[in-house]
Each structure stands twice: as structure tokens, then as C-alpha cells.
There are 2 protein chains.
Amino acid sequence: MVELQTHPIDTVFHALSDGTRRRMLRELAQGERTVSQLAEPHEMSLAAASKHIKVLESAGLIRREIQGRTHLCRLEPGPLATAHEWLTFYERFWTDRLDILERLLREEDAQKNARDQTQKNPLKFPASQKSETETGEDQ
Amino acid sequence: MVELQTHPIDTVFHALSDGTRRRMLRELAQGERTVSQLAEPHEMSLAAASKHIKVLESAGLIRREIQGRTHLCRLEPGPLATAHEWLTFYERFWTDRLDILERLLREEDAQKNARDQTQKNPLKFPASQKSETETGEDQ
DNA sequence: AAAATATTCAACCGATCGGTTGACAATAAA
DNA sequence: TTTATTGTCAACCGATCGGTTGAATATTTT
């Protein structure tokens, strides 16, 4: 007993820091899954997968319902919402830049309109490329 | 060289899984800080704090500018935005419930209005308590 | 030049992590 | 009742983690 105070969000972020576990969550986003169903796509022993599931469970990210000899797992969104909200605190740091860019473009636009007053329809804001997002793939 | 493919977001979530590092990020949200300024509030050696900062740095969460013998650190919001967006995928799982609640309340409301047609101003949606958020404190 | 300051580096330590294997327990099917 | 099937548990392993200490490096101050 040496650990004094482990914030719950520690456990959540730690659980999310592993690709195998993130893929399991993605799978559970599709619906309920048994332990072996969750384990199947991952090339590791069932015991190893079972450990990952236990990590997710103790982080509160999933819950399991034991039905006979199978364990049905389902996603538990609460902790994900908490983590999401924690990150939201920093939202201004990445939206601020876009705001600045947007303002600059607006000013540019305004100048253009001032120069060319016959132009009636203002340009749409160009496809806001959120560069490094890198969604999709697997996890 | 045994590690094949460590997804960048692994490193980000891992960096966020430690309270000391999260507090450092919070501090950096206030503005630039030197290594010793970041270390000061935490009761550990400077070397230990330095390691934490290096973890944040290699996750891309901060950048440092070396000015003479001091290192100035600043927040780098990109990876936070990425993590935030990763979590956004699951947003429907925690908003769905609220949607259901909201719909139920609307129906209730509609019934009430149907019963009492003289009533003109509809009830505001009650203080949406997002229970387990637990903001503030330190990290 | 000498001393103080800011920070990293290297070696070490115990704890935890992610994986393995083999045994075990419980349920379902033959 | 035997035999599969589903899943956990316990012990072990090497790697990584979070911390320490002492020395090294680079810069600034005196």
C-alpha cells in the first residue's frame, strides 16, 4: 500500500494508451461482444486479451454481464465523456488559431469586396483542413 | 528494435495518464514556463520533473525553446486536438442517453401543453447535470 | 577566473506492463 | 457422465515506468 491517490482519469487515459484496447472499444461501439469475440482479431493468447478487457473494465470503460459460461461486454461511455471533457478545457488552444486564420481570411475577403463592390456573393470559407487528425484505419 | 508500429496516439494518451504531467499541461495553459518553474510545485527531484517534461515533449504536447541556460516550454495543442477528436467518435454514446431523456421530457411537455392549452411559455430544459465530470481541483 | 544557476545524463531501484504458459473452474453439449 | 467450450488465475519473463542520486554540461553572475 504505497500508492496514495490515483485519480480515476489516470486509469482511463492509461487504458486508452494501448492500441489493442482502443480497437476493442471500437468493436464494442458496434454492439455487445463476448470475451472471445473481442479477443479473436488480436493475435495473442486469450489470457492476454482477457487482461486487456479487465483493464478496460476497471477503468469503467466497459461493463460485463455474465451469461452462463460467456461474458458479454458492453461499452460504458461515462469515462470517455469525462476524458473528452477534460480535453475540452484546452479546446481554445486549437480553435484560437483557426479563429485567427478565419479573421485574417475575413479581412482579406472584406478588402476584396471593398475593392470590387459589384461582387455580390462572398466566398465560402475554404475546406477547413484539420491536418494531423488521421482518423479511420484501425484503432 | 522489437517494437513494430507504436501509434502516435499511444504516446499522447500515455503522457496524459499521469497526474504530474496533466498538472504541467494545466500550468502551461497559463503561459510559457521554464523547466524549473514546471518542476517547482511537484515534490520530486528536478531530474524526475525533467523526465516528465521530456515525455510530454516526445508526445508532441509541448515544445521547448532553449534560451541560454533555461528552457522555455509552451503548450502544443495539436495532439490534444487529435485525442479530443478520437474521443468524439464515441460522443453519440453519451449524448444518446441525453437525447432520449430530452425527448421524453419534450413528450411530457407536449402532453402537458395538450392538456393545458392556455399555458403559453414552455418550460425550460432543467439544469442538465453532467454528474461525474469532476472538473477543477488540480489535474 | 571562480562560483552560482539551469538543466540533462547515466546508473540504479522497485513497481507495473504486456505478454506467455499451464492449470483450474464453470457451464454446455455429446 | 464424459467431453468441449469459455474464461480466469497464478507464476513467470523481459521491457518500460517513475523515481532517486551523483556527476556532467552549459550558461550567467560575481
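Quick note: numbers below take in every heavy atom, side chains included, and nothing from hydrogens, waters or symmetry partners. Sequence lines set the chain letters: A, B, ... in the order given, protein chains first and strands last, and positions in each chain run from 1.
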**Student:** Check the distance between D/dG7's C1' and A/Met44's CE and give it to me in whole angstrom.
**Tutor:**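 The answer, rounded to whole Å, is 16 Å.
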**Student:** Is B/Arg21 close enough to D/dG18 that one of its side-chain N or O atoms is under 4.0 Å from OP1 or OP2 there?
**Tutor:**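 For D/dG18, OP1 or OP2 has a side-chain N or O of B/Arg21 closer than 4.0 Å.
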**Student:** Start at the 5' end of DNA chain C and walk down; is the nucleotide closest to A/Ala48 or to A/Gln67 reached first?
**Tutor:**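 Nearest-nucleotide comparison on DNA chain C picks A/Ala48.
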**Student:** What is the separation between atom CG on A/Leu46 and atom P on C/dA23, rounded to the nearest whole Å?
**Tutor:**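 Distance, rounded to whole Å: 17 Å.
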**Student:** Do A/His84 and B/His84 have ring centroids that are under 6.0 Å from one another?
**Tutor:**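 Yes - the distance between ring centres of B/His84 and A/His84 falls below the 6.0 Å cut-off.
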**Student:** Check for a donor-acceptor pair, side chain of A/Thr70 on one end and backbone N or O of A/Ile66 on the other, with a separation under 3.5 Å.
**Tutor:**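 Answer holds: no.
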**Student:** Verify the contact: side-chain N or O of A/Ser45 to OP1 or OP2 of C/dT20, cut-off strictly under 4.0 Å; return yes or no.
**Tutor:**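 For C/dT20, OP1/OP2 do have a side-chain N/O of A/Ser45 under 4.0 Å.
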**Student:** Is the distance from OP1 or OP2 of C/dT5 to the nearest side-chain N or O of B/His71 less than 4.0 Å?
**Tutor:**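 So the side-chain polar atoms of B/His71 never come under 4.0 Å of the phosphate oxygens OP1 or OP2 of C/dT5.
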**Student:** Quick one: does A/Arg69 reach the base of D/dT5 with a side-chain donor-acceptor pair under 3.5 Å?
**Tutor:**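 Flag set: donor-acceptor pair detected.
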**Student:** For C/dA6, does OP1 or OP2 lie under 4.0 Å from any side-chain N or O of B/Thr70?
**Tutor:**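 Checking C/dA6 against B/Thr70, no side-chain N or O comes under 4.0 Å of OP1 or OP2.
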**Student:** State, with a plain yes or no, whether a side-chain heavy atom of A/Arg26 is found less than 4.5 Å away from one of B/Phe89.
**Tutor:**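 A side-chain contact exists here, since the closest heavy-atom pair is under 4.5 Å.
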**Student:** Closest to the B/Ser36 side chain: C/dT7, D/dT6, D/dT21?
**Tutor:**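 Selected nucleotide: C/dT7.
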**Student:** Please report, rounded to the nearest Å, how far the C1' atom of C/dT5 is from the CD atom of B/Glu40.
**Tutor:**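 The distance from CD of B/Glu40 to C1' of C/dT5 comes to 16 Å, rounded to the nearest Å.
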**Student:** Using whole Å, report how far CG of B/Asp18 lies from C1' of C/dA15.
**Tutor:**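 Going from B/Asp18 (CG) to C/dA15 (C1'), I get 14 Å.
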**Student:** Starting at NE2 of A/His14 and ending at C1' of D/dT16, how long is that distance when rounded to a whole Å?
**Tutor:**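 Taking atom C1' of D/dT16 as the reference, NE2 of A/His14 is at 11 Å.
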**Student:** With nearest nucleotide decided by heavy atoms, which residue, A/Glu43 or B/Lys54, maps closer to the 5′ end of DNA chain C?
**Tutor:**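 Nearest-nucleotide comparison on DNA chain C picks B/Lys54.
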**Student:** Remember a base hit wins even if backbone is also touched, and classify B/Ile66 as base, sugar-phosphate or nothing at under 4.0 Å, heavy atoms.
**Tutor:**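 Touches nothing.
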**Student:** Which whole-number value in Å describes the distance from A/Ile53 CD1 to C/dG19 P?
**Tutor:**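 Distance check: A/Ile53 CD1 to C/dG19 P gives 12 Å.
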**Student:** Does D/dT20 have OP1 or OP2 sitting under 4.0 Å from an N or O in the side chain of B/Lys51?
**Tutor:**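 Indeed not, no polar side-chain atom of B/Lys51 lies that close.
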**Student:** Can you tell me how far P of C/dG18 sits from CZ of A/Arg22, to the nearest Å?
**Tutor:**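 After rounding, the reported distance stands at 12 Å.
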**Student:** Hey, is the side chain of A/His52 poking within less than 4.0 Å of OP1 or OP2 on C/dC17, counting only N and O atoms?
**Tutor:**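 For A/His52, the contact criterion (side-chain N or O under 4.0 Å from OP1 or OP2 of C/dC17) is not met.
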**Student:** Can you measure B/Glu65 atom CD to D/dT27 atom P for me and round it to whole angstrom units?
**Tutor:**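 B/Glu65 atom CD is separated from D/dT27 atom P by 15 Å.
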**Student:** If you look at every heavy atom in B/Thr20 and B/His52, which pair is closest and at what distance?
**Tutor:**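 Between these two residues, the closest heavy atoms are CG2-CD2, 3.9 Å.
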**Student:** Roughly how far apart are B/Leu25 CG and A/Trp86 CH2, rounded to 0.5 Å?
**Tutor:**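 B/Leu25 CG to A/Trp86 CH2: 5.5 Å, rounded to 0.5 Å.
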